[in-house]
There are 2 protein chains.
Amino acid sequence: MAARDRRPTIADVAKLAGVSPSAVSFALNGRPGLAKETKSRILAAAAELGWRPSRPAQALSHGKAGAFGLVLTRETDAIGADPFFPAFIAGVESVLSPRGDSLVLHVTGPDDEAAAYTRLAADRRVDGVLLTDMRIDDPRPALTSELRLPAVVVGDPECAQGLCAVGLDDRPAFTSAVERLVELGHRHIAHVAGPQEFRHSRRRQESWELAVRAAGLTPGPVLPGGFTADGGAAATRELLAADARDRPTAIVYANDLSATAGLAVAHQLGLAVPEDVSVVGYDDTPLAAYTHPPLASARADALGWGAAAARALDAVIKDGRADDVELAPAELLPRASMGPAPAGGPGRKSERTTIRPTVRREPC
Amino acid sequence: MAARDRRPTIADVAKLAGVSPSAVSFALNGRPGLAKETKSRILAAAAELGWRPSRPAQALSHGKAGAFGLVLTRETDAIGADPFFPAFIAGVESVLSPRGDSLVLHVTGPDDEAAAYTRLAADRRVDGVLLTDMRIDDPRPALTSELRLPAVVVGDPECAQGLCAVGLDDRPAFTSAVERLVELGHRHIAHVAGPQEFRHSRRRQESWELAVRAAGLTPGPVLPGGFTADGGAAATRELLAADARDRPTAIVYANDLSATAGLAVAHQLGLAVPEDVSVVGYDDTPLAAYTHPPLASARADALGWGAAAARALDAVIKDGRADDVELAPAELLPRASMGPAPAGGPGRKSERTTIRPTVRREPC
DNA sequence: TATGTTGTTTAAACCGCTTTAACGACCGCG
DNA sequence: CGCGGTCGTTAAAGCGGTTTAAACAACATA
C-alpha cells in the first residue's frame, strides 16, 4: 500500500512477487536460471505495478547512458526551414526508440560547440554522438577521439579522419543537373554555393565545376549563397544583373532555400524561368514541387540516413569501430525550372563555336 | 596515474585533493562548511582531472533527471520545412544549457504517442515534458497528470485542462490580416485551414471568420490545407477554379507552407498576385520574404516561446504549478502578396475567362 | 553415508554521486 | 578545568538498478 505515492521500484515488484530484487532483474533481462513459473509471476507483478526500470539507475550500473547525442551548431538565425534535420532525427529515432533509448539534442552557437561535446562526454549522458554538417578541417573528429566519445560522421568519409562515416553522395545529383543543362543547350552555368566551411558545400561546388569542365565549358561564376534565402537572393541579383550577353543562362544552387529565393529574384528582375534562366536546387524541400515554376531539385533520403547513422554508431559503441556506409545517392528530380537555353541571345560566342560538348558521366 | 584509462570519478578527485568524496561533492555544489583553501584545492584537482559529475549518478541520487522531454507526434511525411521547431528547441536549450541540463527528443507516430509519454515518465529519464501541437480534446494533459509527469502546455490556455499554459496569440495576426484586406477593398475572403484536429488550426480559422463577420461580410469558403504544400496547392486550385464572379479575391492561409504553394498555383492558373488575388500566410518562414511576390505573413517568436515554456516547466517541477504565460502576439508583416482588391466587382479581369484551370479535388 | 550435480534463488558488492549525522579539534567561557 | 559551541571534515547510508558468487534444495552417483 505504501507504494501508492512514489513510483514503484524493483523492490516493490520483488515484494509483490515474493522474490528477491535480483530475481526481478533476472526476469526483466531474460537471464537464464529462473524457473519459468517464477519468471512469469515476476513479469505479472511488474506489469501490475506498471514498473519499468529507472534509466538513470540502469545507466549507472551498466555504465551505458542509453542515449545518443546530437549537437546542432547553428547561428540562431540560420535555424529553420531546413527539412533535413527533422527527417534525419526521425530516422535516428526509428533505431533508438524500439529499444527504449533516446536522443539528446543540443543546439549551440559556434563558440560553445566544443564545450557541448566535452560536456556530453564528461557527463556520461550519452553513449556516443552523431557528427553532422562536417566542416573543412573539422575539429570534432579529433575532439571526440580525445574525449573517447564514440562518434560517427554523417557525411563524406574523406573528412572522417578515421572515424566511421555514413555518407550519402550528393555529387551525382549535381553532375546530372549540369549534364542535363548542357543537353538543354546551356553554355553558361553559374553556381550559388553554400557556406564555404561546410564540406558538403565544397563538394557540391566541385561536382558542379567538374561536370561543367567535363562538358568542355568554362565554369561560370560562383557566388556565395550561404544556404540561406537572403544569400541566395543576393547572389542571384548579382548574377542576373550582368549584361544579357554575360549573364548565365542556368544557375545551380547548393540548396533549395537559396534556389527558391533565386526564383523570386529572377521574377522580380523580369526574367522568366526557365525561358530566360534555368534554376536547380538541392534538398527537395516540400515546397520545391510548388514553387513557380516547380523547382528542379534532388532528394536525399534523410530518414534512411538517420537510421543508418544510428546503426553505425551502435556498432562503433559495441565494437569500437564500424565499416563506412554509403547510401544510395541523391537523385535529380528535373522539374519545370530547368528548360532549354534561351535561343540565339545569351551565351559566349567562343564557346558556342569551338566546343563540342561530350557529355560523359564522372565516376564517383 | 591509474585513472588514465577510465573517466575520473569523484573518488579520484578526492584522492588527488587529499580529502573525502563528500568534501568534493560539497565543493562542487557550493555547500557551506568547507574551508576556502580546501575548496579551491578540490576545484583545482577536479579541473586537473577534467572531472564532471556523472549525470546518471546525480540523477539517481537526487531523483532528478536533469532533462526535459519533447515528443513530436508527426506523420513521417509531415516532417520537415516547419521552421517552428528548430527555433523553439533552441529557445528551450537557452534555458537548459547554462545549467547543464538537456533536451530529450522523441519523434513518434500517432499510435505510439501515449506509449512515448508513459515510457518517459516510467523511465525517469526526464523531469517533465513540453506539450506542443495541442489537439482538440487532447488526451495528453490527462495522461501526464495520471502519470504524474510534470508538463506545460505550449499553446492556448483553454486547452490546457488545468496544466500551466504558455501561449502566444496568433489571432491578432489573422484579425489584422482580414482587416487589412477589407481596407484594401476585398469582400470575398477565403481561408485555407490547417489540420482540424489542431487547436491552433481552429483558432486561426475562428479568428479569420470572426474578423470577416466583424467587417459585415460573409465568410468565404474554408478549405482544408493540412499545413502542407500539397494541401495548400489543392485547396487553392479549388478556390481559384471557381467562376471569376464567385472566386475569392483574397485567401488567408493557416501557414506559410500552404500559402506558398498557393502562390504557385495562382501563377499556374494565370492569376497575378496580388492583382487578381491577395494571399496571406503565417509563420514568416525564411522564404516568405523571397517568394514572388513576397508573402505577407506573421512572425511568432518561437525562440522566446521555447525559453518561456522551459522556464514555466521549471516552475511546475519545483512548485507543482506555475502561472500561465502569455507572450507578445504574432504580428502581421504585410508584404506585396496583399494588395487592393481587383477593381470592377468581385474579382475581374478580362483574360481570365480564357483560362482553363486544371482542377483536381483531393481528399484531405 | 559422503559426494557431487544440477537447478533456483538470494545476499552482497558495486556503479558514482548526495546527504545526514557524527566526529575531532579548537574556541571562549564560567 | 570542564563545558557547550563552532568549524571543518568524513563515515555511512541511501538512490535503483546489475551482477558475481555463494547458499540452498533436491536428487543422482559412488
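Side chains are part of it too, since the values below use all heavy atoms of this structure and drop only hydrogens, waters and symmetry mates.
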query = Among D/dT10, D/dG17, D/dT9, which nucleotide sits nearest the side chain of B/Leu34?
reply = D/dT9
query = Can you pull the contact range of chain B along DNA chain C, 5' to 3', using atoms under 4.0 angstrom from its heavy atoms?
reply = C/dG16 to C/dT20
key: Residue-phosphate contact under 4.0 Å: A/Ser25 side-chain N/O, D/dT18 OP1/OP2   = yes
query = A/Ile10 has an atom CD1; how far is it from atom P of D/dG16, in whole Å?
reply = 11 Å
request  = Calculate the interatomic distance between B/Lys39 atom NZ and D/dC7 atom P; express it in whole Å.
outcome  = 16 Å
key: Nearest-Å distance for atom pair CZ/P, residues B/Arg55 and D/dG16   = 18 Å
Carboxylate-amine/guanidinium proximity below 4.0 Å for B/Asp314 and B/Arg99 = yes
key: Short side-chain to backbone donor-acceptor contact, B/Asp138 and B/Arg140, under 3.5 Å   = yes
message = Nearest heavy atom decides the nucleotide; on that basis, is B/Ala57 or B/Ala23 closer to the 5' end of DNA chain C?
response = B/Ala57
ask   = Does a side-chain heavy-atom distance below 4.5 Å link B/Val152 with B/Leu163?
value = no
ask   = How close or far is atom P of D/dC7 from atom CZ of B/Arg31, stated in whole angstroms?
value = 17 Å
Donor-acceptor contacts, no H, no angles, side chain residues 316-324 of chain B, under 3.5 Å, sequence neighbours left out:
from, atom 1, to, atom 2, distance (Å)
B/Arg321, NH2, B/Asp323, OD1, 3.0
B/Asp324, OD1, B/Ala165, N, 3.0

request  = Please state how far atom CG in A/Asn29 lies from atom P in D/dT19, giving the value in whole angstrom units.
outcome  = 7 Å
Whole-Å gap separating P (D/dC15) and CZ (A/Arg6) = 8 Å
query = Is the shortest side-chain N/O distance from A/Ser54 to OP1 or OP2 of D/dG16 below 4.0 Å?
reply = no
message = Ring-plane angle category for B/Phe198 and B/His200, please: parallel below 30°, perpendicular beyond 60°, tilted otherwise.
response = parallel
request  = Could you check whether B/Ser22 gets within reach of a base, just the sugar-phosphate, or nothing at all, counting any heavy atom under 4.0 Å?
outcome  = base
ask   = Would you call B/Pro86 and B/Ile89 a side-chain contact if the rule is heavy atoms closer than 4.5 Å?
value = no
